[in-house]
Structure formats: C-alpha cells, structure tokens
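Keep in mind the model is a prediction, meaning the values are calculated, not measured. A note on names: the letters A, B, ... follow the listed sequences, proteins ahead of strands, and every chain is numbered from 1.
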Amino acid sequence: MRTLINELAKLPGIGPKTAQRLAFHLFTTPREEVQKLATAMLETKDQLTFCTICGHLTEESPCLLCRDPGRDHALLCVVEEPKDVIALEKTREFKGVYHVLHGALSPLEGIGPEELTINKLLERLQTGKIREVILACDPNMEGEATAQYLARIIKPLEVKVTRLARGLPVGGDLEYIDEVTLGKALEGRQEI
Amino acid sequence: MGVFQSEGIILRSRTFGEADKILTILTKDRGKIEAVARGARRPRNRLVGASQQFSYLRVLVFEGKSIPQLSQAEIIRSFSILRDDLVKMAYAAWWAEVIDVFLPWAEVNEEVFRFLLAGLLVLEKAEEPALLSCAFELRLLKYFGFQPALEVCARCSRPVGQAVAGFSVEEGGVICPHCHQEQAVKLLPLSVASLRLLRDLAQADLRTVPQWRPDEKNRLEVGRLLVAFIELRAERPLKSLSFLQSLLAST
C-alpha cells in the first residue's frame, strides 16, 4: 500500500492525502476495474508515439489528423504542446492541420529555437503547400517570444502568418478584466 | 506572518502546481522576494494579467508559514511593449537575470529597484538596445560593488589615462602597460576609442544612450568585455544570455 501511495503521489497535482485516498479507492474497487486502469496506463505508455509529420501524440504515424483528406492541409496551426491540439479540436472550429513545437522559447530558461521542432516546421513550409500559418502559442511571455520568432522566420517564405486573438474571456465581467487584457481586446476589436 | 504592501517589478515567473505561478519580485521595500500567485495560469484569474514578467505592480503580499502569497496586484505599468518585441524582451530578461543573480534575497536596495524601472522605461522606447544594455550592465555592476576599474590600473591602482594594455576580466578592470610588461595576464583588447566609450557609458544618463552612435567595432568590444566580466562574477551559467546571443546571431 505504501508503495502505491508513494507512486501516486508522484503524479502532477496529487499530494500525499489525495494519493492515500486514491490508493484506498483502488483497494475497494473490483479487480477487473483496476486491471482496466492498469492496462490503459501501460498501453498508453507502450503504444503512443509522436506523429512524424505534426508531432502530435498518436498510436500510428502519421496521425489521424494528418491522414484525414477532409481537412485543409494548406492551413497549419502551430501549438506548443499536444494538449493544445486536443483543446483546439474540442472547439470543432478548426479544420486545418497542426504542428506541435513541444515547448516554447524561454529567454529566462535559456530554451532556444534549436530545442523546439522549428526546423521540421520550416521543412513543412518549404514544400510550398501551406497557405496560412496560425500561431496558437500561449498568451504569456514564452508564447509571445515563440510567436514573434516564428513570424520573423516564416514571413520571408511568403506564407500568411496569423496569431490567435487576445482579449476578453466569454462570460467574463468587464470591470474585473486587467488592463493588459482589456488593452489587447481594444486593439483587436472587430466590426460587427 | 502578516501582510505587506509594496511596489514591485516581476523579475521571473515559473509555473507551479496545476495552475499557480511562483514569481520572483523585486520590491521597493522588501528587496527581492518570492511569492506564489495562486491560480495565475487560469484565464479568468484576477492575477493572470498582472503576473506577467516585467510588470510594474503595486502588490499586497501575505506572509504565512510557507512561501508568501500574492493576494492582490494592481498594474502600475505593464511594460507589454517589452513582451511584444522579441529583442527587447531578450534584453529585459537578461537584465532581470543579472539582478536576480547578484542581488541576495530580501536585501532592500531601492537604488537597484529605481534603476531597473528607469532602464525598462528607456528600453521600451529604444530603437537599438545593445548600447543601452552596456550602460545598464555597467551601472548595475557599480550598484552590486563590482564596478570595473576604468580610470586606474586594476593591479597597481595608478591612473592610466589613455594608455592601457587591455582589459583583464579576472583582475577587474584595465591594466597599464607597465604591469602587463612585468607580468603578462590574459587581456581582452580595449582600444582607446572603446575605453573612452566605456568611461562615457559609466557616467551616462540612460535616457541619452539610445541616441549615441558609436563605431560598431567599439560597441562590440565594450559589449563583449562587459558580458565576460559579468559571467565570471555570476559563477553560474546565465541562461538568458545564451538566448540573447543566439537571437542576435540569427538576425
């Protein structure tokens, strides 16, 4: 039991108390349910790999998104992590393909362009099949640095580069929005 | 235990737990502190905009038993221009790291606080930040007690005038030809014009520096020796410096 608690406590967001609760829960759960969980965990670890085209997580490379002929392969959305692909897919608004950078440039952590999949992105762009690149980096300093760096190196290739809009969250209250976000929202206002 | 209010500039921010950030803040009244901004990575959190790097804030910090918590933050100046320009961002990150490395925790140093604030304001408007950075680095070194010897020989302490053999990073300043002849040390080249530039920068009003147009060769010479000087005294690799250098090399 102690080993299980210790192992669970290594997971992100799980403290010793939660680990203990989970361990007791697993103890009282039917064996086949626990078996299913253990198999799912092992299968995920063993079978998932990165897509050789976009860098997203997949069981089979190229991934389903890259193989889908129904998607617009001339529209490329650049994201920092595979979980960003999942977030964007949930919107059902985006019909293009992705490129996962596996990180963001960070001046203070010394993470430079060579540590991301930027060369691979440039290779994809040099095929001439991409019409527009959407930069969907996080709206923080690292994401900003990454977006600017990418815009700088992509623009000479004569590919349209766009950036996700920054502004008000849906359902928010204007008076509680900080001045930077509100400023960006004003800057990116649209005619209705 | 208790609550305190101060003005502060965010030197660095790193992710913590599920949705929190740990901020290193240079405060006016408490020096360099670390505070956790709970939930600051969630889009609707009230600290999300304020907890961006380089933001100049009025902060309310709660000190409990563990790490202090940022309970309120009001933006005085966001310095968003610095985050919107990759080169300026890289310079600001470099300055922030130099301060982070040399300033001990909780050492109150209002001079450094004011100087960083002034530096960021000038950097916002500067078209060419490289020389400004040299002036900034030189002045910071002075505030931290590492001012390089520019008027006297770093070894024999005699006034040197224009006649120097070069700059010794290890000895901490210019070396006169006499000392160099007696015992040769590893020197970085320092031309008469570069020495003059270095001396001018040490006295300069930051606001005027972006308008200076020195010879590129001299600026590079001065920049190189200042970076070597800081690197040696930092005694650890400076990550933002390698980022800045790779960025400048690629442009």
Legend entry - chain B contact via Arg166(A) - which portion, at a heavy-atom distance below 4.5 Å: side chain
Legend entry - Contact origin within Tyr176(A) toward chain B - heavy atom pairs under 4.5 Å: neither
Legend entry - Spatial distance of atom OG (Ser242(B)) from atom CD1 (Ile111(A)) [nearest 0.5 Å]: 10.5 Å
Legend entry - Exceeds 12 heavy-atom contacts within 6.0 angstrom, atom CD of Gln47(A): yes
Inset, instruction - Could you list which of residues 4-42 of chain B have a heavy atom closer than 4.5 Å to any heavy atom of chain A, in residue-number order? - result: Leu11(B), Arg12(B), Glu18(B)
Inset, instruction - Can you establish whether the number of heavy atoms outside Gln211(B) located under 6.0 Å from its atom CD is more than 12? - result: yes
Inset, instruction - Could you tell me which non-hydrogen atom of Val180(A) sits nearest to which non-hydrogen atom of Ser78(B), and how far apart they are? - result: CG2-CB, 3.4 Å
Inset, instruction - Could you tell me which residues satisfy salt bridge (Lys or Arg N to Asp or Glu O under 4.0 Å) with Arg224(B), sequence neighbours excluded, listed by chain and number? - result: none
Legend entry - CD-CZ distance between Glu179(A) and Arg77(B), expressed to the nearest 0.5 angstrom: 12.5 Å
Inset, instruction - Heavy-atom distances under 4.5 Å only: say whether Arg83(B) touches chain A with side chain, backbone, both or neither. - result: both
Legend entry - Met1(A), CE atom: more than 12 neighbouring heavy atoms under 6.0 Å: yes
Legend entry - Under 4.5 Å from a heavy atom of chain B, the part of Leu182(A) involved: neither
Legend entry - Exercise: identify the closest heavy-atom pair between Ala145(A) and Met89(B): CB-SD, 3.4 Å
Legend entry - Inter- and intrachain pairs under side chain to side chain donor-acceptor pair (under 3.5 Å), touching residues 183-192 of chain A, at least two apart: Lys184(A)-Asp84(B)
Inset, instruction - Tabulate, in ascending numerical order, the residues of residues 75-108 of chain A having at least one heavy atom closer than 4.5 Å to a heavy atom of chain B, or enter 'none'. - result: Leu105(A), Ser106(A), Pro107(A), Leu108(A)
Inset, instruction - Looking only at non-hydrogen atoms, find the nearest pair between Arg152(A) and Leu247(B) and report the distance. - result: NH1-CD1, 4.5 Å
Inset, instruction - First locate atom CG of Leu82(B), then atom CD of Glu144(A), and finally report the distance between them rounded to the nearest 0.5 Å. - result: 12.0 Å
Inset, instruction - Considering only heavy atoms and a distance below 4.5 Å, find which of Asn140(A), Asp173(A), Thr181(A) pairs most often with chain B. - result: Asn140(A)
Inset, instruction - Can you establish whether the number of heavy atoms outside Arg131(A) located under 6.0 Å from its atom CZ is more than 12? - result: yes
Inset, instruction - For Arg67(A), look at atom CZ and say whether over 12 heavy atoms of other residues, nucleotides or ligands are found less than 6.0 Å away. - result: yes
